[in-house]
Amino acid sequence: MAKGLLVAGFDYSMVDAGEFNDWYDTEHVPERARCEGFINCVRWLAVDNPKISVATYDLESHAVLHTPPYLAIGRENLSPWSKRMTAKVKRLLRIEGEQLVPGDQVMRGTTNYLMINANQIPLDALDEVKRWYREEHIPRLGAVPGCVSARHFFAHSGTHNSIGLYELERPEICASDVWKEAAVTPWTVKVRPFLTNQFRVVLQRYQRAA
């Protein structure tokens, strides 16, 4: 069965960092970690701007987000603290996705860096973009030295309907000449106009201060 994905990203520069991290670390993430079907829950901060926070959750399937255990803590049933915090911060990204390539892989968790690239794809171009990811883009980027894993998801709901996740040994890998050579092909040039509303960020694994 295809694995699922939940991703949420915020700019929290307008709130107290201590409270934001306390909310995430002591309530929000633990709630989801206890929820049946959640495989892992990982927090990240943007390498270039630590006020950009992203959380990724691998799921047994996209259907987990429609089960009673999740609905009891999500959507309109968010806790009072969650409602208060999410009303204060700026939402940048939220995706409820299904893994298309390779389909059944979860985060390896062996590196401290992640690059995500989310886009909104027009419906009439969606089939070709999915095929580009499946047949060319993910295999080529996944083969770049230092790229530990490469995955593509289709989002059933959220801010974008397509997202690629790439675990990296070092943050500069996705800016290297080798990466660019793998990423930019004639097919890439053809589909690039369909990749709209782009949200691309390189992230470092969050570590709670002692």
Neighbour count above 12 (heavy atom, 6.0 Å) for [X] [atom1]:
X      : atom1 : value
Asp48  : CG    : no
Lys83  : NZ    : yes
Met1   : CE    : no
Glu181 : CD    : no

Inset, instruction - Please round to the nearest 0.5 Å and tell me the distance separating atom SG of Cys35 and atom CG of Leu71. - result: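 One gets 8.5 Å once the value is rounded to the nearest 0.5 Å.
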[X] and [Y]: which non-hydrogen atoms are nearest, and at how many Å?
X      : Y      : value
Val89  : Met14  : CA-SD, 3.7 Å
Lys180 : Ala175 : CE-O, 3.4 Å
Pro50  : Leu45  : O-CD2, 3.6 Å
Arg200 : Cys174 : NH2-O, 3.4 Å
Tyr12  : Ile52  : CE2-N, 4.3 Å

Inset, instruction - Write out all pairs satisfying salt bridge (Lys or Arg N to Asp or Glu O under 4.0 Å) with one or both partners inside residues 143-157, taking only residues at least two apart or from two chains. - result: Asp58-Arg151
Inset, instruction - Give every residue pair that meets the salt bridge (Lys or Arg N to Asp or Glu O under 4.0 Å) criterion with at least one member in residues 11-33, sequence neighbours excluded. - result: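 Every pair satisfying salt bridge (Lys or Arg N to Asp or Glu O under 4.0 Å) with a residue in residues 11-33: Glu19-Arg84, Asp22-Arg208, Asp25-Arg43, Asp25-Arg208.
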Inset, instruction - Go through Glu167 and Ser149 one step at a time and tell me if the side-chain hydrogen bond (donor to acceptor under 3.5 Å, both in side chains) criterion holds. - result: CA-CA 5 Å; Glu167 289 180 272; Ser149 73; 2.6 Å; yes
Legend entry - Arg140/Glu136 ion pair, N-O < 4.0 Å: no
Is any side-chain heavy atom of [Y] closer than 4.5 Å to one of [X]?
X      : Y      : answer
Leu93  : Ile116 : yes
Glu169 : Thr110 : no
Arg134 : Leu100 : no
Arg75  : Leu65  : yes
Gln99  : His152 : no
Thr86  : Phe10  : yes
Thr26  : Trp81  : yes
Leu5   : Tyr57  : no

Legend entry - Any side-chain donor near an acceptor of the partner, Gln120 and Thr196, under 3.5 Å: no
Inset, instruction - Look at the rings of Tyr166 and Trp179 and say which category their plane angle falls in: under 30° parallel, 30 to 60° tilted, over 60° perpendicular. - result: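 If you compare the ring of Tyr166 with that of Trp179, the planes turn out perpendicular.
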For [Y], is there any backbone N or O sitting under 3.5 Å from a side-chain donor or acceptor partner on [X]?
X      : Y      : value
Glu128 : Val191 : no
Asn119 : Ser162 : no
His160 : Asn197 : yes

Establish whether [X] and [Y] are linked, either directly or via other cluster members, by ILVMFWY side-chain heavy-atom contacts under 4.5 Å.
X      : Y      : value
Leu78  : Tyr24  : no
Leu195 : Phe153 : no
Val148 : Ile173 : no
Phe154 : Phe194 : yes
Phe199 : Ile163 : yes

